[in-house]
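Dropping the structure in here first, questions after.
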Amino acid sequence: MAKIGINIATGSLQQSEMIVGIDLGTTNSLVAIIHPETKLPTALKEFDGSSIVPSVVHFDSFGNVEVGEQAKPFLESDPQNTIFSAKRLMGKSHQDIRAHQDFFAYKIIDDNRDSLVKVQVGSTFYSPIDLSSYILAELKKRAEHILKTPVTKAVITVPAYFNDTQRQATRDAGKLAGLDVLRIINEPTAASLAYGLGMDPSEEKTIAVYDLGGGTFDISILKISNGLFEVLSTNGDTYLGGDDLDRAIIQYWMKQMGLDDLEDHKLLKQQLRLAAEKAKIVLSTQEFFETEFAGEKISITRQIFETLIEPIVQNTMDCCARAMKDAGLQIADINTVLMVGGSTRVPLVKKSVATFFNQEVNDSVNPDEVVALGAAVQADILAGNNQSMLLLDITPLSLGIETMGGLMDVLLPRNAKIPTQAARQYTTQKDAQTGINIAVYQGERDLVKDNRPLGAFTLKGIPSMPAGLPKVEVRFLINADGILQVSAKELRSGVSQTVDIKPQYGLTDEEVEQRLLDSLTNAKADISMRALVEARTEGEQMLSVTEKFMMKNAALLTKDEISLTASAMQALQLAITMEDKHLIQAKTEELNDISRPFAERVMDQAISGALKGKGIEDKDLQ
Ligand code: AMP
């Protein structure tokens, strides 16, 4: 229910504050609300009917900032000072975007102060968060202008593949723009909400959301039942979108014109980019496009365009196949396919998706608005106006910590539903160990060195105890935004520590996908490596326990027994050095067989000693 308030100063009636839904897109952004009268999700439109704000920011030499449609012409006339596709830089290091640097007409720098990129305009440096905040501030201003009420609360969408850093960066951008970001949700999840799916509690459906926007591609498989949205799997590529289709046309034209490089002609490059986008849009409804560029006529047919973009479209279909495999589903299990993002207007894209899923695709909601409309539906749920719906999202990669020998111990498997939490107990390796290092990783490989480090901290102040006695519980908590909180607590003493994991920089764009592929191709090697590490750890523990035993109890053993044990220890040490799993296991077993009877004998003597009233201490048995 919308509440009505009274402004005490003016005595006028005020509408209660609205929570808006924002699609902060790579190419375009927009705001939507649930219309107070029709109760339908509605994109906010200016008087001229435009709802879309191009995600473009222009800085002039006087320090003025223009955003959106006003900034767009400067893409051609002042490319160095006009920033587009800033979303692609969110949470990225210079290393991450080096391969794609050509795409940006403005200056991206690595200022060596932190690992995240900055954009240099004149003598000022802007972070991608700053740039996104300009776009969000413009959206806020527009919304306030249209709604005639302050707008301070929002739900913002991000691609499903956005990692923690990128989600946090989006949230920070909102904060900078004066918005309280109540929730960050995945774009495909928002899209399914916009299609009104799940409103009928008796409805059971499995849907695929194919989202090809300006700069990102996501495929999500969702299950809807009892008004509950559950994401079964996600896949995609944060560097694949309409921009790449434009680039295919640019390259084709450059070849046609015999141009190798437009690096030194930023203005021409920008002009060609805009012409290519125009060609692509025209070819969505027509068979032929022609224009003039630098005094020459350039043209392209739909057939040639389709040949050029076929590999790009095929890439997205490969992602679809992987998402289906992860969800454990067959094509026939998919009831509905939703099309999202401006690039799904390309006929070849529609046709390929329909062929893959063996059904007509559903594109009845405007693909440019659908994500923002869904964000508005989520905002309405958060405002308490629609309590019958709940949202579940998932983690795209497994999360875990490093254990002995550099092994990855997964606490939250990939595709775990969020919000979620998991806890596991660990212990110390050394006597009187007062600190334990918790290193958090993301990825599918068995060794942490092959996964992505998210952060690390040390739980300090554990009271001095023998190895193996402290009980350290490590807990992972992922909140509804997909942000990870890790805590560690020593249960005997209550010593605890909690950290929000905010990694230094994000994954490179193909990396999430590459990591999944790697985990499949390296599965066999990983398993044998894990087995070796486990055998080695066990062997080392056996050596350390035996050594301690020998030092304490040498007096109770014969000379032969001592030399037999020493040579078995040497043999095990050698096997460990040779990294031979079978040999390590055999030698561990041998040492165990030799030392066990001695240990039992020493134990018997200690017990009989105790019976005689001498008393024993636990540690003497070790
Ligand atoms: P989005 O990120 O969803 O706003 O999508 C923007 C992308 O859609 C840009 O790459 C646009 O060039 C592209 N786009 C918009 N309209 C069309 C169209 N009619 N045909 C093909 N691509 C389009």
Side-chain angles (χ1 to χ4, degrees), residues 21-32 43 50-56 68-69 72 75 84-88 90 100 103-104 132 135 139 156-162 170 186-191 194-195 209-220 236-250 270 272-289 291 300-302 304-306 308-310 312-313 316 338-353 361 363 365-375:
I22 296 181
D23 172 7
L24 181 60
T26 308
T27 323
N28 296 309
S29 299
L30 71 155
V31 185
S50 67
S51 62
I52 281 168
V53 175
S55 306
V56 182
E69 214 54 66
K72 224 177 163 181
L75 285 172
F84 65 95
S85 278
K87 186 175 174 182
R88 286 178 173 231
M90 285 291 250
H100 302 271
F103 188 74
F104 303 94
S132 297
I135 299 166
L139 294 171
I156 304 181
T157 59
V158 294
Y161 264 84
F162 257 29
T170 306
N186 287 339
E187 288 159 8
T189 306
Y195 268 89
V209 183
Y210 180 100
D211 181 348
L212 190 59
T216 58
F217 169 64
D218 282 308
I219 172 75
S220 298
D237 187 335
T238 51
Y239 248 102
L240 201 143
D243 294 347
D244 297 289
L245 308 184
D246 301 347
R247 209 154 16 163
I249 300 179
I250 294 170
Q270 219 33 273
L272 200 59
R273 198 180 79 81
L274 291 176
E277 185 181 11
K278 195 160 171 217
K280 173 187 71 177
I281 290 171
V282 167
L283 292 176
S284 284
T285 49
Q286 289 163 37
E287 295 292 331
F288 181 71
F289 174 84
T291 189
I300 186 167
T301 64
R302 179 174 316 164
I304 290 173
F305 174 58
E306 292 191 343
L308 294 175
I309 65 167
E310 208 279 327
I312 300 171
V313 177
T316 71
L338 304 182
M339 297 298 262
V340 178
S343 304
T344 58
R345 291 198 182 90
V346 172
L348 180 70
V349 170
K350 259 190 227 185
K351 205 168 72 192
S352 306
V353 179
V361 296
D363 55 0
V365 178
N366 180 335
D368 295 321
E369 292 182 353
V370 61
V371 168
L373 298 178

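In this chain, residues are counted from 1 in sequence order. Note that the structure is a prediction, hence the values are computed from the model and not measured. Both ligands and their constituent atoms are indexed starting at 1 by order of listing.
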contact_flag Ile281 ligand 1 heavy-atom lt 4.0 Å = yes

Donor-acceptor pair between Thr316 and Tyr210 side chains, under 3.5 angstrom = yes

Tell me which protein heavy atom sits closest to atom 21 (C) of ligand 1, plus the residue, atom name and distance to 0.1 Å.
-> Ser284 OG, 3.2 Å

Taking all atoms of both residues into account, what is the closest heavy-atom pair of Leu373 and Ala194, and its distance?
-> CB-CB, 3.9 Å

For atom 6 (C) of ligand 1, find the nearest protein heavy atom and state the residue, atom name and distance (0.1 Å precision).
-> Gly214 N, 3.7 Å

Distance filter under 4.0 Å to Gly341 heavy atoms, resulting ligand 1 atoms = 3 (O)

Heavy atom of the protein closest to atom 4 (O) of ligand 1 (residue, atom name, distance) = Asn28 ND2, 3.4 Å

Shortest non-hydrogen contact between Gly215 and Asp243, atoms and distance = CA-OD2, 4.2 Å

Rounded to the nearest 0.5 Å, how far apart are OG1 of Thr216 and OH of Tyr239?
-> 11.5 Å

Counting from 1 in the order shown, the ligand 1 atoms closer than 4.0 Å to a non-hydrogen atom of Val346 are 21 (C)

Nearest protein heavy-atom contact for atom 10 (O) of ligand 1: which residue, which atom, what distance?
-> Lys280 NZ, 3.0 Å

Where is the nearest protein heavy atom to atom 5 (O) of ligand 1: which residue, which atom, and how far?
-> Gly342 N, 3.2 Å

Ring-face cation of Arg273 near Phe84 (centre distance under 6.0 Å, axis angle within 45°) = yes

How close do Gly214 and Arg88 get, heavy atom to heavy atom, and via which atoms?
-> O-NH2, 3.9 Å

Shortest protein heavy-atom distance from atom 11 (C) of ligand 1, along with the residue and atom involved = Glu277 OE2, 3.3 Å

Closest approach of Ala248 to Leu308 (non-hydrogen atoms, all atoms of both residues) | O-CD1, 3.8 Å

Logged contact type for Ser343 with ligand 1, heavy-atom cut-off 4.0 Å, is both

Would you mind checking which non-hydrogen protein atom is closest to atom 15 (C) of ligand 1, with the distance to 0.1 Å?
-> Arg345 NH1, 3.7 Å

Only one of Ile249, Thr301, Ile300, Ile281 forms a side chain to side chain contact (heavy atoms under 4.5 Å, CB included) with Phe289, so which one is it?
-> Ile300

Per-atom contacts, ligand 1 versus Gly242 - under 4.0 Å to a heavy atom | 10 (O)

